[in-house]
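This report refers to the structure that appears directly beneath it.
Below, chain A is the first sequence line, B the second, and so on; all start at residue 1. Model, not experiment: these values are computed from the prediction.
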2 protein chains.
Amino acid sequence: MATMKQVAERAGVSTTTVSHVINNTRVVSEDVRKRVLAIIAETRYIPSAVARSLKNDRTHTIGMMVPNNSNPYFAELIQGIEDAAFKVGYNIILCNAYDDPKKQAAYLRVLMEKRIDGLILVASGSDDELASLLGDLHVPMVVVDRELPGVEADFIEADHETGGYLATRHLLDMGHRDIACVSGPINLPPSRDRVVGYLRALKEAGLKFRLDYLVRSDFTSAGGFAAFSQLLALKKPPTAIFASNDLMAIGGICAASQAGVAVPRQLSVVGYDDIALASYSTPPLTTVAQPKYRMGQLITQVLIDRIMVGDVPLRREMLQSELKQRQSTAPL
Amino acid sequence: MATMKQVAERAGVSTTTVSHVINNTRVVSEDVRKRVLAIIAETRYIPSAVARSLKNDRTHTIGMMVPNNSNPYFAELIQGIEDAAFKVGYNIILCNAYDDPKKQAAYLRVLMEKRIDGLILVASGSDDELASLLGDLHVPMVVVDRELPGVEADFIEADHETGGYLATRHLLDMGHRDIACVSGPINLPPSRDRVVGYLRALKEAGLKFRLDYLVRSDFTSAGGFAAFSQLLALKKPPTAIFASNDLMAIGGICAASQAGVAVPRQLSVVGYDDIALASYSTPPLTTVAQPKYRMGQLITQVLIDRIMVGDVPLRREMLQSELKQRQSTAPL
DNA sequence: CTGTTAGCGCTTTCAT
DNA sequence: ATGAAAGCGCTAACAG
């Protein structure tokens, strides 16, 4: 691989000049510029970002930590972020923590060594340990969907409480009274907030909350399958279920179908996230759509802003979601 | 951020020594080591991978180019790769090309500037341009699922022809005779091969191929929906459909359901890939399971091998897939 | 309009 | 058992 020095020599100029023609950073006479450019093309010279980074203290690289990207929701979010980052010349290093604190810590360490310019952290399981780890990690950082106490970072979330409310409200509007809820891991604030919204809608409608109508699960299809099975086996099964993410809703519909319960005729189901496949499940899933793309854009923009200008006050943004009515819900 | 020099000064030793205690690369007296380690902890010193990379000509970073990760298949594959890479101390820079040659080229450029140690390239749309781009990209590289003529790279693929055969054979075994096929983009070899397998099974069974039973689509749910709709509207609709990926199969089942066609009672459907959601579609999808995790591992291992030892002969591996029978297929 | 030079943070050869 | 110093490939202040 050619170096700048070699290019300079062959062009009969100094490396300074080569650097300046590459970066357009000061005037260079037309013929020198031409000559240099020719040599660059000829030698297939490609500047080294690592040397540049060492000099400039900027890597144009962003670390992104997600619990795991097997949930299409994350995949879609990542896509939005990567897209936006690319547009402003940043790359993403992807880190799947698998909810494993050890792995997460190891990753964080590597990211710091690689001198990432910023970090995006998406809600995951283990709170406390992480917070202390991040506490003295002085890197621009935006946290998504879960606030880390003691961690200085911009914070972006969707309004999960309202989302849960909207989902439940929709079921209520359809005349349902026996509405169950399948929650995600209860230690995750987004998960908890959706349940809070569910509870609020119930209360507002003057319905009493039944403990056996709230079952906790884990945001996976398998978990949804199990939770729905349990709910449908109740002596008085619900006529509608709010599953707090799409994966669980889809797994749940599968369970209902196997139990001989028709959706939406005998059971209405609403999901959460609006992953791409939600439109094509059987039946197409009514769900709360999170503004994934806008969220990805916002996350990236906030992070880049902080990287660029630095010491602005911490930002906090909450995005709204909306109900997408499809065919998994019907009047009682 | 502390530097090695600062650590050395505060510990009253040379940077050489600090370097050696960090890397365990020569004997250091116990008390000096202790002192250095203490200062490192105290100053929260983290070595700079960028300086290291400049010196060593190794970034421990792998670039991964995918057409887009909205297909869960890719997400799952990425996960396998990232997992395996992490274990051997490598990070992944994720690049979504969106089948856009311009974006792909831009990314490749950036990756080269960042001096990635290796590149993983997963099948995408635009062939020719890419091949020439990659031709003089002298970086260890493994290509997945699509051979690039003129590009020196290890090549790893799944046996799509056999997969397509298996899927069709299964339908045949269930007594179906009117078997249609929904293919992916025909310029993608994996897509083409699956169709070839379909054709072979048909021929072997002595069935004539009907042109209107082969419809080309695009590997998305929406595409599958449209293709199935078209097929079911035929005067003589098929009794079974081989959809060449799961996304299309799921979209197709959705279309069938809306057309009032029951799966599997009136229509058998087999998919391809075995994405996580396939087990939980309604009905659960019979599909050809690609060994995604094993594939991710193999890809990573082959790439790392090439990075480490360099000049070994080009490798070529083909992995087998297997049919996972679930409930979207039934005897005629 | 162009070049000299120091230095970014590290590794490693060569001395001692 | 330890250190001095060169150098990885680039940028930019300073000088001309």
[X] [atom1] - [N] [atom2] separation (whole Å):
| X | N | atom1 | atom2 | answer |
| --- | --- | --- | --- | --- |
| B:D57 | C:dG9 | CG | C1' | 16 Å |
| A:M112 | C:dC10 | CE | P | 13 Å |
| B:N24 | C:dT12 | CG | C1' | 16 Å |
| A:M4 | D:dC8 | CE | C1' | 14 Å |
| B:K5 | D:dA5 | NZ | P | 13 Å |
| B:I22 | C:dC10 | CD1 | P | 7 Å |

Could you work out, with side-chain hydrogen bond (donor to acceptor under 3.5 Å, both in side chains) as the rule, every residue matching A:E9, not counting sequence neighbours?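 Counting only residues at least two positions away or on another chain, A:E9 forms no side-chain hydrogen bond (donor to acceptor under 3.5 Å, both in side chains).
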Taking the minimum atom-to-atom distance to the side chain of [X], which one of [options] wins?
| X | options | result |
| --- | --- | --- |
| A:V28 | D:dA1, D:dA4, C:dT2 | C:dT2 |
| A:L54 | C:dC1, C:dG3, D:dG9 | D:dG9 |
| B:S14 | D:dG9, D:dC10, D:dG3 | D:dG3 |

Kindly say whether A:I116 contributes a backbone atom to a donor-acceptor pair with the side chain of A:R58 at under 3.5 angstrom?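 Checked: no pair found.
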Side-chain donor/acceptor of B:T300 to backbone N/O of B:G296, under 3.5 Å: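 It does hold such a pair.
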Side-chain donor-acceptor contact under 3.5 Å, B:D117 with B:T59: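 Yes - a donor-acceptor pair under 3.5 Å links their side chains.
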When you compare the side chains of B:T61 and A:K114, does any donor N or O come within less than 3.5 Å of an acceptor on the partner? yes
Is there a side-chain contact between A:R52 and the phosphate of D:dG9, meaning an N or O under 4.0 Å from OP1 or OP2? no
Side-chain N or O of B:S48 less than 4.0 angstrom from OP1 or OP2 on C:dG9?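 No, because none of the side-chain N or O atoms of B:S48 sits under 4.0 Å from OP1 or OP2 of C:dG9.
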Distances under 3.5 Å between protein N/O atoms and the N/O atoms of nucleotides 12-16 of chain D, please, pair by pair.
residue	atom	partner	partner atom	Å
D:dA12	N6	A:T16	OG1	2.8

Base, sugar-phosphate alone, or nothing: which one does B:V50 contact when heavy atoms must sit under 4.0 Å apart? nothing
Considering heavy-atom distances to DNA chain D, does B:V13 or B:R115 have its closest nucleotide positioned more toward the 5' end?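 Taking each residue's closest nucleotide, the earlier one in sequence belongs to B:V13.
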Per the ring-ring contact (aromatic ring centres under 6.0 Å, His included) rule, what does the pair list look like for residues 40-68 of chain B, sequence neighbours excluded?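 For residues 40-68 of chain B, and leaving out neighbouring residues, the ring-ring contact (aromatic ring centres under 6.0 Å, His included) pairs sorted by first residue read B:H60-B:Y90.
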Using a 4.5 Å cut-off on heavy atoms from C-beta on, say whether the side chain of A:I299 contacts that of A:V144. yes
